[in-house]
Amino acid sequence: MSSGSPASSSPSRVRFAPSPTGYLHIGGVRTALFNWLWAKKTGGTFILRIEDTDQERSTIENERVILDSMKWLGLDWGEGPDVGGPFGPYRQMERLEVYREFVDKLIARGAAYRCTCTKEELDRQRQELKARDPKAQFRYPGTCRDKTGPAPDVPFVIRFKAPSGGAVVYRDLVFGEVTTPNASQQDVVLMRSDGVPLYNLGAVVDDITMGITLVARGRDHMINTPQQILLYEALGAKLPAFAHLPMMLNQKGEKLSKRDGAVSVAEYRDMGISPAGLLNYLVRFGWSYGDEEIFSLLDLTQKFDWERCGRGDGKFDAKKLAAVAFEHLKRPDLTDDATYLRGVRPFLEARGLTPSDDDILRALPLFRDRGQTWAQAADLMDYLFRDPPQPDEKAVKKFLVPEKAGILRDVADALASVSPFDKDALEQRFTGLLAERGLELKEVAQPVRVALTGRTASPGLFEVAALLGRDRTLERLRGAAKIAEAATA
RNA sequence: GUCCCCAUCGUCUAGCCCGGCCCAGGACUCAGCCCUUUCAAGGCUGCUACGCGGGUUCGAAUCCCGCUGGGGACGCCA
């Protein structure tokens, strides 16, 4: 019986260790976030390590995408492949000699051995067993288990010599005490024949040599933990604390994949979701703080802890994510003007609009409550920065009709002399005009709105007019009057 | 099949450790109402949950056991 106890309370060192085999998945982001929050909360170090030992699928482009996504999210790291650090390098393929060294140690201690069984042989045995009994679990038969002596001149892998008795017991920060009998362990391969480590070896050696004090990862890795603890023990290394996070599944309760819609960070960025909003949704997934739901990142760096993590898997809900992200855009205390500006700007530019910072800033208060995403906000503001506005044909046809031409022109004339050209003054003059004519606001509002914005939906008329300014307001009203006049009934 | 893990509204969750304040609270979604020049935002109302069966107890969402259901893993992937 061996038991894992958390490492003592030296400054925390946590890591996020993605493999660059694809984009950054939102499930991965949550893992990264929890680690990052813990580092911030405890004043420790957040380390980014690239586990690129799957050479078939790892690419440097993927690594770049992952790093970019992390930067966009604002999850910064103190040590990593691009910034270096005292325990580098931070790409596993650049650490091959380190693993070699630890493997030699394991062999010398009799905790691992060289195995010359070929993959083909073992695959064949696996197939055979499966044919005989589809439900049986294949186990390495132990052919090379007791071989000793120098390295053979045929290719070999390094296998762990798993203990057959006893059990590994460790205390998971989320799941509590977890017991796994060693009898269920196999002589797993630690290093391939080409000298590249497999996940269990690479992760353990790196976590040891990088001084990692707490390992937090997805529950899909929970199965590896007992095996890894055995490795720590075989190496005589101090154990880190472990925390496993429940899984994020799709609506059907399956593993979240591309088929379930947007799962990569880049997709959410392109949709105009704010990083803080995405992170807020993710943190509330499997973690809670009473009834509080909306947090700033700074908030979280104080409130986060492992005790408040749940244990049940959950289902990803895009609608809830949208709602949480929207909440962030609505509130200036969560998304300040400068951040909002930085967020919408690219979406405006994508539409060929290049308003000044001041122009956007003045429009902001009217659109925070309306744009659920920055992409949407850019769409809603479009007519403010485009001359003439892009007309919605259906709206034009419905409201810019001949019988409205006169009033549109009169409104223009009436507003021409309003001063100051602000919401209150405009409203006063406008309602005054309506009273004179015995008209209801209802009858005139939509034609005016279509005139000013080209659309049937917008913020309040007078606010929009004030934003457009006198010249453009008059120009748009008179232009619309002409269109209305020319329209055939 | 074997090993590990999980189980409150459709979804994220509070409550569970330290049983009574819970005929279960918040949020999202959905439906409706109010506000209203449109669209939002905001306010209000409604729908809907302790998986099942046994214990323990005066009393169980909360403790114990079993069942059922779900997930993960069983690779020279991570």
Side-chain angles (χ1 to χ4, degrees), chain A residues 17-19 21 51-54 56-58 115 117-119 122-123 126 133-139 155-159 172 174-176 178-181 183-186 188-194 196-200 202-203 217-226 244 246-249 251 253-255 281 284-294 307-308 310-324 326-327 330 366-372 380 395 399 427 430-431 434 440-446 448-450 453 455-462:
Chain A
S19 45
T21 54
E51 304 206 332
D52 55 352
T53 57
D54 181 350
E56 308 265 293
R57 299 188 297 150
S58 295
C115 168
C117 299
T118 65
K119 191 176 192 311
L122 293 171
D123 280 346
R126 219 185 313 264
D133 178 3
K135 290 176 261 172
Q137 181 187 186
F138 177 76
R139 293 178 68 99
F156 60 87
V157 301
I158 306 299
R159 277 186 191 276
D172 190 292
V174 174
F175 286 93
V178 180
T179 305
T180 310
S184 64
Q185 294 295 350
Q186 292 216 46
V188 295
V189 175
L190 297 175
M191 184 179 271
R192 299 177 176 88
S193 44
D194 60 3
V196 176
L198 259 66
Y199 172 69
N200 277 319
R217 75 241 292 198
R219 192 175 61 78
D220 49 339
H221 284 296
M222 207 163 170
I223 189 89
N224 294 312
T225 302
H244 291 95
M247 309 265 292
M248 184 150 45
L249 308 168
Q251 281 302 318
E254 304 159 331
K255 234 176 172 171
Y281 172 74
R284 278 282 291 122
F285 197 102
W287 179 85
S288 60
Y289 196 78
D291 283 342
E292 266 187 72
E293 301 231 36
I294 304 298
E307 291 74 49
R308 291 173 185 277
R311 289 175 302 259
D313 293 342
K315 295 175 182 171
F316 175 76
D317 184 355
K319 288 208 172 114
K320 179 90 179 188
L321 163 55
V324 172
F326 184 24
E327 196 60 31
K330 274 190 280 198
L366 265 50
F367 293 92
R368 293 192 97 110
D369 282 352
R370 284 168 238 258
Q372 297 219 43
L380 294 174
F399 294 106
E427 181 158 15
F430 191 92
T431 47
L434 292 185
E440 294 227 40
L441 181 54
K442 222 179 267 182
E443 305 171 62
V444 192
Q446 285 304 72
V448 169
R449 188 182 313 282
V450 174
T453 69
R455 316 176 179 198
T456 54
S458 80
L461 249 27
F462 313 110

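When reading the values below, keep in mind they use all heavy atoms of this one structure, side chains included, and skip hydrogens, waters and symmetry mates. Each chain gets a letter, A, B and so on, in the order the sequences are listed, and its residues count up from 1.
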Taking CG from A/Asp317 and P from B/rG10, how many angstroms apart are they, rounded to a whole number? 13 Å
Using Watson-Crick geometry (N1-N3 plus N6-O4 or O6-N4) or G-U wobble (N1-O2, O6-N3), each under 3.5 Å, B/rC23 is paired with none
With distance as the sole test, does A/Arg192 use its side chain to make a donor-acceptor pair with the main-chain N or O of A/Val157 at under 3.5 Å? no
Think A/Thr456 has a side-chain N or O under 4.0 angstrom from the OP1 or OP2 of B/rU38? no
Which part of the nucleic acid does A/Ser193 contact within heavy-atom distance under 4.0 Å: base, sugar-phosphate only, or nothing? base
Counting the atoms with a prime plus P, OP1 and OP2 as sugar-phosphate, which does A/Pro459 contact under 4.0 Å by heavy atoms, base, sugar-phosphate, or nothing? base
Taken to the nearest whole Å, NZ/A/Lys320 to P/B/rC30 is 13 Å
Pair assignment for B/rG46, Watson-Crick or G-U wobble, requiring both distances under 3.5 Å: B/rC30
Considering only the C1' atoms, how many Å lie between B/rC65 and B/rC12, rounded to the nearest integer? 31 Å
For A/Leu380 and B/rC39, give me the distance from atom CG to atom C1', rounded to whole Å. 9 Å
Is any side-chain nitrogen or oxygen of A/Arg308 closer than 4.0 Å to OP1 or OP2 of B/rA14? no
At under 4.0 Å, does any side-chain N or O of A/Thr53 touch on OP1 or OP2 of B/rA78? yes
Would you kindly give the CG-to-P distance between A/Asp313 and B/rG69, to the nearest whole Å? 18 Å
Are any of A/Arg311's side-chain N or O atoms less than 4.0 Å away from OP1 or OP2 of B/rU13? no
At 4.0 Å (heavy atoms only), tell me whether A/Gly460 reaches a base, stays on the sugar-phosphate, or touches nothing. base
Under 4.0 Å, counting only non-hydrogen atoms across every strand here, what does A/Glu292 touch: a base, just sugar-phosphate, or nothing? nothing
Partner nucleotide of B/rU56 by Watson-Crick or wobble geometry (both distances under 3.5 Å): none
Would you say A/Lys119 reaches B/rC77's phosphate, i.e. side-chain N/O to OP1/OP2 under 4.0 Å? no
Atom CZ of A/Phe156 to atom P of B/rC76: distance rounded to whole Å? 16 Å
Can you measure A/Lys442 atom NZ to B/rU36 atom C1' for me and round it to whole angstrom units? 10 Å
Please determine, for the side chain of A/Leu461, which listed nucleotide (B/rA73, B/rU37, B/rU13) has the closest atom? B/rU37
Suppose we screen for salt bridge (Lys or Arg N to Asp or Glu O under 4.0 Å). Which residues come up paired with A/Arg126, at least two apart in sequence or across chains? A/Asp123
Does any N or O in the side chain of A/Glu254 come within less than 3.5 Å of the main-chain N or O of A/Leu249, such that one atom is a donor and the other an acceptor? no
Re B/rG51: Watson-Crick or G-U wobble partner, both distances kept under 3.5 Å, found to be B/rC67
Can you work out whether A/Cys115 or A/Asp220 has the more 5'-proximal nearest nucleotide on RNA chain B? A/Asp220
A/Arg455 side-chain N/O to B/rC39 phosphate OP1/OP2 under 4.0 Å: no
Both distances below 3.5 Å, Watson-Crick or wobble geometry, any strand: find the nucleotide opposite B/rC3. B/rG72
Report the distance from atom NE2 of A/His221 to atom P of B/rC77, rounded to the nearest whole Å. 15 Å
Under 4.0 Å, heavy atoms only, any strand: does A/Asn224 hit a base, just the sugar-phosphate, or nothing? base
Using the side-chain heavy atoms of A/Glu293, tell me which of these nucleotides is nearest: B/rU13, B/rA27, B/rA78. B/rA27
Distance between the P atoms of B/rU11 and B/rC30, in whole angstroms? 16 Å
Hey, does A/Val178 reach any base, or is it just sugar-phosphate, or nothing, if we go heavy atoms under 4.0 Å? sugar-phosphate
Nearest-Å distance for atom pair NE2/C1', residues A/His244 and B/rG71: 15 Å
Identify whether any heavy atom of A/Leu198 sits under 4.0 Å from a base atom; if not, whether one sits that close to sugar-phosphate; answer base, sugar-phosphate or nothing. sugar-phosphate
Over all strands shown, is A/Gln137 touching base, sugar-phosphate only, or nothing at heavy-atom distances under 4.0 angstrom? base
Assess, by modelled atom type and distance only, whether the side chains of A/Arg57 and A/Ser19 contain a donor and an acceptor separated by less than 3.5 Å. no
Taking any heavy-atom pair under 4.0 Å as a contact, classify A/Val157: base, sugar-phosphate, or nothing. base
Nucleotide nearest A/Ala457 (side chain, heavy atoms from C-beta), chosen from B/rC3, B/rG25, B/rU38: B/rU38
Of A/Glu327 and A/Pro246, the one whose closest nucleotide on RNA chain B sits nearer the 5' end is A/Pro246
